[in-house]
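Notes follow once the structure below has been shown.
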Number of protein chains: 2
Amino acid sequence: MTEHDKPTTPFPSFVNAQEVADRAGVSRSAVSRAFTPGASIAHETRVKVMEAAEQLGYEVNDLARGLLARRSQLVGLIVTEPEQGFRAHLVSALTRSLIQRGRLPVVLNTGRRAEEIAAAQKLLVGYRAEATIVLSGSPPSSVVELARRNGQPLILIGRSEAGADHIRSRNRDAATQAAELFHKAGFTRLGLASSTSGTPSVVEREEAFVAAALGYGITVSIARGDNTDYAGGRMAATAMLAQAAPQAVFCINDLIAFGFIDRMRECGIAVPLDISVIGFDDIPEASWAAYDLTTFRQDPEVLAAQAMALLEHRLAHPHAPPETIEITAPLVLRGSVRTA
Amino acid sequence: MTEHDKPTTPFPSFVNAQEVADRAGVSRSAVSRAFTPGASIAHETRVKVMEAAEQLGYEVNDLARGLLARRSQLVGLIVTEPEQGFRAHLVSALTRSLIQRGRLPVVLNTGRRAEEIAAAQKLLVGYRAEATIVLSGSPPSSVVELARRNGQPLILIGRSEAGADHIRSRNRDAATQAAELFHKAGFTRLGLASSTSGTPSVVEREEAFVAAALGYGITVSIARGDNTDYAGGRMAATAMLAQAAPQAVFCINDLIAFGFIDRMRECGIAVPLDISVIGFDDIPEASWAAYDLTTFRQDPEVLAAQAMALLEHRLAHPHAPPETIEITAPLVLRGSVRTA
DNA sequence: CGATGCATTGCACAGCTGTGCAAGGAGACC
DNA sequence: GGTCTCCTTGCACAGCTGTGCAATGCATCG
């Protein structure tokens, strides 16, 4: 047992306003006013306070300030697998935007199960987060009820749910466009690579692609992997090879597209010579030379900016009716689709 | 102007302990005790309180609780470009670990400039974060001073700085091993692909590789791109093609390796037939068939677990001497190095 | 010089909780 | 039945801040 083992105070040396006041020879109120822009305080008093604060290393306790003002500045992000593909970029854009607006993003990296998401949400209620943003693929519908009960603004991204604000890409438009592109290129045997763990966004893309193809008199052969990732793409490719030989395939995800392409190439099937591929998301890897993937762009910065707008609006007008913001995912033409 | 535009209370409907107490017909203390495990309270009283709390949707205000206990449970993560390669996985592992331990990870996604990092750190001091974890490539040395001044535990990852705990991979060992592997394979013309924005970890890998090669009597040709990413790898490849024709190249990063490989292939140079490549990080893309990259594994889960251990230790013993944890990055053999 | 106005300051309260302390009540034991 | 003990409960304070309100002091004007 050395001297290091003795217990110490939890906040070792955080200074409070009273100590600054004592040192500056003023009241504690004066310290508070010195740190409040526009407050009624003499210039020289403020200078005295600031000097004392500087010497002691005082920083206003935002927790206490938030408790009083009833504004914690905390915003929760509930997300599953934040390291995966597009989500990583979305989380990055959201955290950056929130910080720029003076809020603190709390990233609740949680499993996909309903109980885990509910637990994360309760945690955020306990910490009086001012809003919750849910990126998780398919949150349970109970999130809306729990948020409403606590009067906590809730923003869903990529998932609509009655009674909550949400932001979504025009998945159906993009998928329809993919089918149209394939049709115009003269392909008659189309495929769809997806996963069994379908989130609402994924389902929209699937349905719209199949419907649009049907409009051209084409029945789409569908193959699925387990997850919406690289391994899932490989599984889907294997499954599709066993059942059909499409000329062009719409992958509901860039990651799936990469796995799909790699698996095809292993079987000696060249992209785009033997098979054309379109993805979705336009994550940076899509532009890598190894894939050069034609895909639909989801711009994380745009989504984040819209989320901020929605957030500000909701905080200003808590009882305004829920809003839906739709974002167009433009086609990015690259080399994975055979032309002419 | 509709009725929605009227201003409302900032926290719309958060219930406090007093309201629960009133409803349950007990004192506010009883409510507090009902929610404190092991507190002195009659079973039936606790039941009454819990029922009232359930009906009102009460959740303990952890902010106020933290203010009193002087434990905010907030832990700050200062990170630049959290969506990039290995960092995305590290952030994911850290956030998950922190949540599992009941802490709230606040992700401060900030620029790389010293002022931005200092601002983020001050923000965390203001919110009385219990600790700060810095993943940013090369934080200014002032972070240590600022943390010390406020008695805030500081954990650096991938960057050593006197007076702070830190976790690092054995970069030198790995780089030395890379040189050894190339030497044993019989390569005599070696290259190093790096970037000009060298973080301390990167510098270690560079130096050790060059030194080890020199030990075999080999002078390494070095090429650099701007950043440690895919584009940087392409730039390095272009630069290297103009100056030398190495048989084997150590890329200080998987992302750089991918860009390097793609650029080489565009020039008709096959991997591993014409050139062998080793990367660093072993992010999932390294195992993709398109690259099949031999690389050194950094396990984000291991790093996160060590960070948690360091954190707990530091919180328990604020004045213990700074610790360094070194983690071995094992070689993962794949197909990007030519054998025999 | 007296009165009025304004800028500034300090007091006290509010925001929400955990807990030491004393008091109350009930049960047990003689 | 009386007394002692223990369990339970409420009071009050602490933790840290922002701000309305009243008071103070100074300057200005008549």
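Proteins get letters first, then strands, A, B, ... in listed order; numbering begins at 1 in each.
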**OP:** Indicate, yes or no, whether a donor-acceptor pair under 3.5 Å links the base of D/dC11 to the side chain of B/Ser29.
**Re:** yes
Determine all donor-acceptor pairs shorter than 3.5 Å in which one atom belongs to a side chain in residues 25-35 of chain A; sequence neighbours excluded.
{"from": "A/Ser27", "atom 1": "OG", "to": "A/Ser29", "atom 2": "N", "distance (Å)": "3.4"}
{"from": "A/Ser27", "atom 1": "OG", "to": "A/Ala30", "atom 2": "N", "distance (Å)": "3.4"}

**OP:** Pick base, sugar-phosphate or nothing for A/Val31, based on heavy-atom distances below 4.0 Å to the nucleic acid.
**Re:** nothing
**OP:** Give A/Ile41 one of three labels, base, sugar-phosphate or nothing, depending on what nucleic acid heavy atoms sit under 4.0 Å from its own.
**Re:** sugar-phosphate
Original post:
Quick one: side chain to side chain contact (heavy atoms under 4.5 Å, CB included) partners of B/Leu310, sequence neighbours excluded?
Top reply: B/Ile155, B/Asp165, B/Ile167, B/Glu323, B/Ile325
**OP:** For B/Gly25 and for A/Arg65, locate the closest nucleotide of DNA chain D by heavy-atom distance; then report the residue assigned to the nucleotide nearer the 5' terminus.
**Re:** B/Gly25
**OP:** Just report the end-to-end axis angle for the helix from C/dC1-D/dG30 to C/dC30-D/dG1, five pairs per end, to 10 degrees.
**Re:** 50°
Subject >> Contacts of type salt bridge (charged side-chain N to carboxylate O under 4.0 Å, His left out), residue B/Arg113, not counting sequence neighbours >> reply: B/Glu115, B/Glu116
Subject >> B/Arg70 vs D/dC16: side-chain N/O to OP1/OP2 distance below 4.0 Å >> reply: yes
Original post:
So, A/Glu59 and B/Arg128, do they make that salt bridge, N to O below 4.0 Å?
Top reply: no
Original post:
Within the modelled atom types, does a donor on one side and an acceptor on the other bring the side chain of A/Arg71 and the base of D/dG18 under 3.5 Å apart?
Top reply: no
Original post:
Counting any heavy atom closer than 4.0 Å, what does A/Phe35 reach on the DNA or RNA strands: base, sugar-phosphate only, or nothing?
Top reply: nothing
Original post:
So which one's nearest nucleotide on DNA chain D is more toward 5', A/Asn16 or B/Val26?
Top reply: B/Val26
Side chains of residues 88-96 of chain B: which donor-acceptor partners sit under 3.5 Å, not counting sequence neighbours?
{"from": "B/Ser92", "atom 1": "OG", "to": "A/Glu83", "atom 2": "OE1", "distance (Å)": "2.8"}
{"from": "B/Ser92", "atom 1": "OG", "to": "A/Asn109", "atom 2": "ND2", "distance (Å)": "3.1"}
{"from": "B/Ser92", "atom 1": "OG", "to": "B/Arg96", "atom 2": "NH2", "distance (Å)": "3.3"}
{"from": "B/Thr95", "atom 1": "OG1", "to": "A/Asn109", "atom 2": "ND2", "distance (Å)": "3.2"}
{"from": "B/Thr95", "atom 1": "OG1", "to": "B/Val91", "atom 2": "O", "distance (Å)": "2.9"}
{"from": "B/Thr95", "atom 1": "OG1", "to": "B/Ser92", "atom 2": "O", "distance (Å)": "2.9"}
{"from": "B/Arg96", "atom 1": "NH1", "to": "B/Glu301", "atom 2": "OE2", "distance (Å)": "3.1"}

Subject >> Note: B/Glu161-B/Arg159 ion pair, threshold 4.0 Å (strictly below) >> reply: yes
Original post:
Is A/Ser32 side chain donor-acceptor paired with the D/dC16 base, going by distance under 3.5 Å alone?
Top reply: no
Original post:
Considering only heavy atoms and no angle criterion, is a donor-acceptor pair shorter than 3.5 Å present between the side chain of A/Arg128 and the base of C/dG15?
Top reply: no
Original post:
Do any side-chain nitrogens or oxygens of A/Tyr127 fall under 4.0 Å of OP1 or OP2 in C/dC16?
Top reply: no
Compile the donor-acceptor pairs under 3.5 Å between side chains in residues 47-56 of chain B and protein atoms, sequence neighbours left out, one pair per line.
{"from": "B/Gln55", "atom 1": "OE1", "to": "B/Arg23", "atom 2": "NE", "distance (Å)": "2.7"}
{"from": "B/Gln55", "atom 1": "OE1", "to": "B/Arg23", "atom 2": "NH2", "distance (Å)": "2.7"}

